Every structure is written in C-alpha cells, then in structure tokens.
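Working notes, structure below.
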Amino acid sequence: MLWIKALHIIFVVTWFAGLFYLPRLFVYHAMAEDPASRERFKVMERKLYWGIMAPGGVLTLVFGAWLWSYGFSGVWLQAKLLVVALTIAYHVYCGKLLSDFALDRNRKSHVWYRWFNEVPVLLLAAAVVLVVVKPF
C-alpha cells in the first residue's frame, strides 16, 4: 500500500503543478499582443494540459481509487471526494479555456486569470487538511 500511496502523491504533485502553471500561462497569453507570442502560448498550454496535467490527473485518480479499495472511510473522505470533484471540474474548465485561446476566442482579462489562478491553492489546501488532520 505504501507504493500506491507514494505514486498517488507523486501524481497529485504532477497534476497540481499543471493546475498552478496553466492559469499563469493564461495570464500572460491574455496580455500578449503580438501573434508570435500568442502562438507560442498556444503550444505551451496545449503541451502542459495534454502532456502533464491530463496524465497526472488520470493517474492521481487511478492510484487514489486503488487506495480507497483498502477500506478508507469517514466524513473526511466524503469531503475530500467533494474536493476531488471540484478539482476535476476546475481541470475540465481549464480545458475549455485552453480551447478558447486556441481558437482566439478568449474574452477574459489577465486580471480575471490572476484570480482564477488562486483556485487550485484553495483546493490543494483543503485536500491536504482533510487527509492529514481528518477534522470530521
């Protein structure tokens, strides 16, 4: 079980690295004024989303489900699963924003993305507190 837990943590870190960085790329992309920069951001965002975030998210869920099969339970776990669902929703919404940028349809400001960039911090903090402290 310790190997599974270690792999789960590794892929959580991988996934959240992308969840922290992609919205930051969106900030800079929204501020970009020249076509070459915008095209460069499109490539970076696509590679980050599909090459790091998506595999990290999937493997996080795989190893998390595997850990769950060992019989973890409690209200803290239900709360954590809610945080996981919110994280998945955030990830999927990042994919929608990625698509908007790829099609040159972004309508949000760099300031909006700066605030949006803070959401995964709250999600990660909530998940860590629920797993470590088990407040319920």
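This is a predicted model, so every value here is computed, not measured.
- Listed by chain and number, the residues in a side chain to side chain contact (heavy atoms under 4.5 Å, CB included) with Val43 are Arg46, Lys47 (sequence neighbours excluded).
- Nearest heavy-atom pair, Arg38 versus Ala32, reported as atom, atom and distance to 0.1 Å: NH1-O, 3.5 Å.
- Contact of the Phe11 side chain with the Phe63 side chain is registered, since non-hydrogen atoms from C-beta on lie closer than 4.5 Å.
- Hydrophobic clustering keeps Met31 apart from Val111 (ILVMFWY residues linked when any side-chain heavy atoms are closer than 4.5 Å, directly or through intermediates).
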Hey, can you pull the donor-acceptor pairs under 3.5 Å for the side chains in residues 118-136, sequence neighbours left out?
from	atom 1	to	atom 2	distance (Å)
Lys134	NZ	Val131	O	2.7

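- The hydrophobic cluster containing Leu59 does not contain Trp3, counting ILVMFWY residues as joined when their side-chain heavy atoms lie under 4.5 angstrom apart, directly or transitively.
- For Gly56 against Thr60, the heavy-atom pair with the smallest separation is O-OG1, 2.7 Å.
- Taking all atoms of both residues into account, the shortest heavy-atom contact from Leu97 to Trp112 is CD1-CZ3, 4.1 Å.
- With rounding to the nearest 0.5 angstrom, the CZ atom of Phe26 is 5.5 Å from the SG atom of Cys94.
- Shown here for Glu45 and His29, the closest heavy-atom pair between the two residues is OE2-ND1, 2.8 Å.
- We find the NE2-CH2 distance between His110 and Trp115 to be 13.5 Å, quoted to the nearest 0.5 Å.
- Linking ILVMFWY residues whenever their side-chain heavy atoms come closer than 4.5 Å, directly or via other members, leaves Val12 and Val58 in distinct clusters.
- Formation of a donor-acceptor pair under 3.5 Å by the His8 side chain with backbone atoms of Gly64 is found in this model.
- Looking at heavy atoms from C-beta onward, Leu19 lies in side-chain contact with Phe16 at the 4.5 angstrom threshold.
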Subject >> Stepwise salt bridge (Lys or Arg N to Asp or Glu O under 4.0 Å) test for Arg40 and Asp34 >> reply: CA-CA 10 Å; Arg40 187 176 322 110; Asp34 61 293; 5.4 Å; no
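- Hydrophobic cluster membership is shared by Tyr28 and Phe101, with clusters built from Ile, Leu, Val, Met, Phe, Trp and Tyr side chains linked at under 4.5 angstrom.
- Here Leu98 contributes atom CG and Leu103 contributes atom CG; the two are 9.5 Å apart, rounded to the nearest 0.5 Å.
- A donor-acceptor pair under 3.5 Å is formed between the side chain of Thr14 and the backbone N or O of Ile10.
- Following chains of ILVMFWY side-chain contacts shorter than 4.5 Å, one can reach Leu22 starting from Val92, so the two form part of one hydrophobic cluster.
- Once rounded to the nearest 0.5 Å, the distance linking OG of Ser109 with CZ of Arg114 reads 9.0 Å.
- The heavy-atom pair separating Gly18 from Pro23 by the smallest distance is O-CD, 4.1 Å.
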Acceptor/donor pairs from residues 65-91 side chains to any protein atom, 3.5 angstrom cut, sequence neighbours excluded:
from	atom 1	to	atom 2	distance (Å)
Ser69	OG	Trp66	O	2.5
Trp76	NE1	Ser73	O	3.1
Thr87	OG1	Val83	O	2.8
Tyr90	OH	Phe116	O	2.8
His91	ND1	Trp15	NE1	2.9
His91	NE2	Tyr49	OH	3.3

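- In this structure the side chain of Tyr21 reaches within 4.5 angstrom of the side chain of Met44, judged on heavy atoms.
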